[in-house]
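Worksheet for the structure shown next.
First the proteins, then the strands, lettered A, B, ... as listed; each starts at 1. Worth saying up front: this structure is predicted, and the values here are computed from it rather than measured.
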Amino acid sequence: MTQLVLGQVLNGAIIGAMYGIIALGITLTFGITGIVNFALGEFMMIGAYATYALAERFGWPYPVAVVPACLIAAAAGYLANKAFFRFTRNNLVNGLLVSIGLISILESAALLFWTATPLEMHFVLPGALRLGEVGLPKMKLVVFAVILAVIVLTYLGLARTWLGRAAFAYAQNPEAAMLMGVHTPRLETAVMLYSTGLAGLGGALYASLYSLEPAMGGVYVLKGMEAAILGGIGSLMGSLWGGVILGVIEGVGSIFLPTAFRDAYGLAILVAILLFRPAGLFGTE
Amino acid sequence: MLQLDAVDCHYAKVHVLRGVSLAVGAGEIVSVIGPNAAGKTTTLRVIAGLKDVSGGAVRYEGEDVTRRPAFERVRRGLILVPEGRQIFPRFSVLDNLLMGAYQRPDRHDLDRDLATVYELFPRLHERRGQKGGSLSGGEQQMLAIARGLMGRPRCLLLDEPSLGLAPIVVAEIGRTIKALAARGLTILLVEQNAAMALELADRAYVLESGHVSLQGQASELRQTDVVKRLYLGA
Ligand SMILES: Nc1ncnc2c1ncn2[C@@H]1O[C@H](COP(=O)(O)OP(=O)(O)OP(=O)(O)O)[C@@H](O)[C@H]1O
Ligand SMILES: [Mg+2]
């Protein structure tokens, strides 16, 4: 039993951290630039398939494949911003339309290229870490550690650097930020690169553990939104924790309830929490 | 130091500035006064690079900066303290001040600058941990000016620093502007409070519906009938 629960907690935390990464990206992009990027899940998909292609088709070692995969996702994000997103600043509806369009295009492209058959990578790091009677797969621990490191670095980057201060200033008042000498177009590009590159990293890590399908991005955006609401809209770290909590609830819940209801009880708990804390777990009124 | 040559400016089809020319010499305090909607704020936005001109040129320190983006002008010490303060409400007073120095190469060592603005505005020192948004109107105005000073301006643009403030606070802001000028800072002051503007300034311009209708030494303008009647309420 301990094995089962702990295993599901780790599983849930990893999947949840992916939700969190997407949620963080959406919150960060919207909060700082006023751009709605609901297509972020597709950049995760790009990162995942890029990793698969580099590792399985070209035979690169997995850790070496992850870096270019993130860069490819970020490059795709850069192009999407230059071509579409930058025209949707502070316009929710246009942002949504562009997102929906991108989702259809990118999913169709992936379908064409990779077909709908789920793809799986070879084991990157086999084996499990044994703690008494409990065994935890090594690769899952590594993935979790990487995500944790990225989260800590993101936090430090935002809280402790001039770039982070500029980003928060820009989020509060873009024009005043400009008057402080912030190179605002560059900041916007940086946010776009970071959020899509981060989604790509999520995808690259995901590829090492689970099977890939062209439609994977859509699921993660929906869960990312749930996570952002759960954590409290606008709260960056809240959206990450919201993701982890949602993932763990789903993981542990699937021990006791049929997995078919997985999406439903995550949502049920979200609604229940919002009843008591309308602003989300970490949000302020 | 700063010069506008026949600047024209439109919002959509509306012609807001019609051939505005003005000059500010190094070390001068120059004011622009005029009624609501005359185009005073627009003039400052053009100078700061927040608004594109449709004709004419902006020159700063001998260079044509008409097409230079706002953040670049700030880096050259051309700093606007905007109308309505525009402080960062969720930043503390201290973070607002630090943000003011964002573009400076020596931004890692700001203790001296902080000490200087705290000396000018002791109130800000008392409130340094408080959120910008929770300050009173007068304190926010002080913060906006102090934040501008943190950027080490060579030419400071002030847009209605007295707006909405009690007379006693207006007097305090006025004294601060004088003190800054005494240190050699060049200041372009836009004000509806003509009495204050003309008292502080060396020279002044009267802007009416987008063009300069009157200009001269502040002391002389104060004596003209039009100014007396329309702006000084005499
Ligand atoms: N963003 C804008 N879009 C359209 N018109 C504008 C905009 N900003 C200003 N205007 C118009 O330009 C004209 C000049 O405005 P401006 O703000 O420069 O006046 P002002 O002299 O600063 O007035 P006040 O003393 O009330 O601050 C006004 O008629 C105003 O309606
Ligand atoms: Mg104005």
Might you point out which heavy atoms bring [X] and [Y] nearest each other, and give the distance in Å?
X      : Y      : answer
B:R147 : A:A176 : NH1-CB, 4.3 Å
A:R165 : B:M99  : CG-SD, 3.7 Å
A:L179 : B:V74  : O-CG2, 3.4 Å
A:W162 : B:L110 : CH2-CD1, 4.1 Å
A:A169 : B:F88  : O-CE2, 3.4 Å

What option among [options] has the most heavy-atom pairs under 4.5 Å with chain A?
options              : answer
B:R107, B:Q86, B:R75 : B:R107
B:D95, B:I79, B:V81  : B:D95
B:G100, B:A70, B:P89 : B:P89

- Task: Give the intermediate values and the outcome of side chain to side chain contact (heavy atoms under 4.5 Å, CB included) for residues A:V182 and B:F71.
- Result: CA-CA 6 Å; A:V182 176; B:F71 51 82; 5.9 Å; no
Under 4.5 Å from any heavy atom of chain A, what part of [X] do you find: side chain, backbone, both or neither?
X     : answer
B:L50 : side chain
B:L78 : neither
B:R45 : side chain

- So, B:Q103 side chain and A:M180 main chain: donor-acceptor pair closer than 3.5 Å or not? no
